[in-house]
Amino acid sequence: MKRTDDCGRFRKSDIGRTATLMGWVQSRRDHGGLIFIDLRDREGITQVVFNPTLSPDIHKQAHGLRSEDVIAVHGQVEPRPAGTVNPQLSTGEVEMIAEDLEILNPAKTPPFPIEDNVLVSENLRLKYRYLDLRRPRMLANLKRRHQILRAVRNFLDGHGFIEVETPHLTKSTPEGARDYLVPSRVNPGQFYALPQSPQLFKQILMVAGMERYYQIARCFRDEDLRADRQPEFTQIDLELSFVDREEILLLMEAMLCEVFLAVKGIHLQTPFSRLSYPEAMDRYGTDKPDLRFGLEIHDVSSLVSDSSFQVFQETLNRKGVVKAMVLGGKAMLSRKELDELTEVAKGLGAKGLAWVKVSAEGFESPIVKFLGEPLLRKLSGALSAKTGDLLLFVADQLKTAREVMGGLRVQLSERFQLIPADQFHFVWVTDFPLLEYDETEQRYVAMHHPFTSPLDEDLPLLETEPRRVRAKAYDLVLNGSEIGGGSIRIHRRDVQIRLFKRLGIEPASAQEKFGFLLEALEYGAPPHGGIALGLDRLAMILSGAESIRDVIAFPKTQKATCLLSDAPSSATERQLKELHIQTEIVE
RNA sequence: GGGGCCGUAGUUCAGCUGGUUAGAACGCCGGCCUGUCACGCCGGAGGUCACGGGUUCGAGCCCCGCCGGCCCCGCCA
């Protein structure tokens, strides 16, 4: 038999057609007389009817069909009898009357049903990934991922980008994440590293005059996993010559508009919101704020500076701050619920959480007597609080207070369901500091990466006030998730050397690690910059997936193993010998 | 490296204060059933309670260890 159609296509207009379908048995309903089979393939489900009076032999065969058997069915498309139409199926108005049946491959009973909304342990799903991927939601997720990439390639192709592949076997570089190493057989004792990103190669491509490059790039980072982090992941990676920041941001906005239109049929609002890094940290306590809801953080340090509340006073005396947030309409929370919020705050690193209820009768709080009515009125005025609102205060050093309030903001939005459904709120975060001081290493490290250009006007501060140097870097945040980041790069050797020096990378070391880049910068490197978007996270959000594993065909477990193939595993003596490697497990 | 949750039938789970033969639903197997689509009805099989120790007259349950899965902190330029 030869397949003529897929299981999702038949409608009323196909009635009378003769066709052959091939697919998997989704379910069998055996009435003794009639047997109904739901036949499933990638495109949908068609009901197949086996009638003992019409084709007794075929009917007898159909009796033995079981879930996930792979079959071919030949027959005629007929209308379903009145009253038996299934509106839940796109093919529900018709059915195929089987005239011929071939069992292409019988299947063992699957360890879990091939359906959405069936709870299955992650263990089983990953071990039998080929069954898990048969489930409609997983199939839809992979299709959606494909649609995203198709839209991206379409867009970039239309904007003059050239897709170039860069090596997977490359050079380990200092800074950044832990590398995956690959031993070299031909060069005993030496190792390649898998790329954490194609960063240097794409910059070299700019020097090569490519002008506009992109790549759907697999990246590898040997760090611990999270719900939104896998050790190998995919970036939509691009780099452009002769552009400024503004051009790149607008280009990405246009690209994402196309992606969302193609994938979701949604017209995104442009331009995207923008926040400077200091603004994001002040108002949302994080550099990846979720702007789908308010709950902004306010600094009330100066307002409460002469209150008699000891906790505030002592914090301010120690150069700390007092941060406040208004939780709208939550003055009715019970003491128990407020205690729970306090525990949440403590879990985030706070010493405590002060609260004030704004009620019709006045202010209610254990600290009313310390703050006093006039000050509370001033506070609630400054915070635009209304009757029925709950004010929350955290007093601590700036860094902790931000972290606590930022974390609290997210947790409160979940707990009180303040996040509107089906909203996609993009925000660009700009003007990151170029450097941050690493306490354990006792030196400055690049906040983005060591090839990021400082703002021109801040360049002179590099040696004198490194903390104040801002970078030409930008992150793209969607619904509180960092989905991309990039920068304008350094394209002059002298500036790059100054930055390496600032990072504590001496000229000799810089030459060894990045010599090829430094040399390339001398041969007419154009000004350039770029960005990389995390495809997996984007796909996650567009799919409403809770885990990055649900948008990756073959993901790793939290211990970075593959339950399907059982990787990683030990190497044979012979392999190791060829690689000039001995293994010894060091505890 | 650290904190937390989980592991009992093929699957998802229940299993009381430690006490008789470890249960339910779905799935599976057999039978009946000609309009079902969560088909229905009758019957049946199915257990290394993850694993290893310990406490106890007695452990699915308590203790210690260990393996595995998940979430988080650190880490992720």
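All of these numbers come straight from a predicted model, not from anything done at the bench. Protein chains get the first letters and strands the later ones, always in sequence-line order, with residue 1 at the start of each.
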Subject >> Complementary nucleotide for rG23(B) - Watson-Crick or wobble, under 3.5 Å >> reply: rC13(B)

**OP:** Between G83(A) and Q199(A), name the one whose nearest nucleotide on RNA chain B is closer to the 5' end.
**Re:** G83(A)

**OP:** Tell me the partner of rA59(B), counting only Watson-Crick (N1-N3 plus N6-O4 or O6-N4) or G-U wobble (N1-O2 and O6-N3) with both under 3.5 Å; none if nothing fits.
**Re:** none

**OP:** Identify whether the distance between the nearest side-chain nitrogen and carboxylate oxygen of R226(A) and D228(A) falls below 4.0 Å.
**Re:** no

Original post:
Considering every strand shown, what is the Watson-Crick or G-U wobble mate of rG68(B) when both distances are under 3.5 Å?
Top reply: rC6(B)

Original post:
Is the ring of H31(A) stacked on the base of rU36(B), with centres less than 5.5 Å apart and planes under 30° off?
Top reply: no

**OP:** State whether the distance check finds a donor on one side and an acceptor on the other, under 3.5 Å, for side chain R66(A) versus base rG27(B).
**Re:** no

Original post:
Between rG54(B) and rA59(B), how far is it from one C1' atom to the other, in whole Å?
Top reply: 11 Å

**OP:** Check whether the side chain of R221(A) and the base of rC76(B) form a donor-acceptor pair under 3.5 Å.
**Re:** no

**OP:** Any chance you could measure L517(A), atom CG, to F514(A), atom CZ, to the nearest 0.5 Å?
**Re:** 8.0 Å

Original post:
Contact class for T84(A) (heavy atom, under 4.0 Å): base, sugar-phosphate, or nothing?
Top reply: base

Please list each protein N or O that sits under 3.5 Å from an N or O in nucleotides 4-10 of chain B, with the distance.
unit_1: rG10(B); atom_1: O2'; unit_2: P111(A); atom_2: O; d: 3.3

Original post:
Does a distance-only test, which skips hydrogens and angles, find a donor-acceptor pair under 3.5 Å between the side chain of E95(A) and the base of rG35(B)?
Top reply: yes

Original post:
Can you find a donor-acceptor pair, distance only, under 3.5 Å between R29(A) side chain and rC33(B) base?
Top reply: no

Original post:
Do the side chain of R80(A) and the base of rU36(B) come within less than 3.5 angstrom through a donor-acceptor pair of N or O atoms?
Top reply: yes

Subject >> Closest-nucleotide ordering on RNA chain B, the 5'-leading residue of M447(A) and R549(A) >> reply: R549(A)

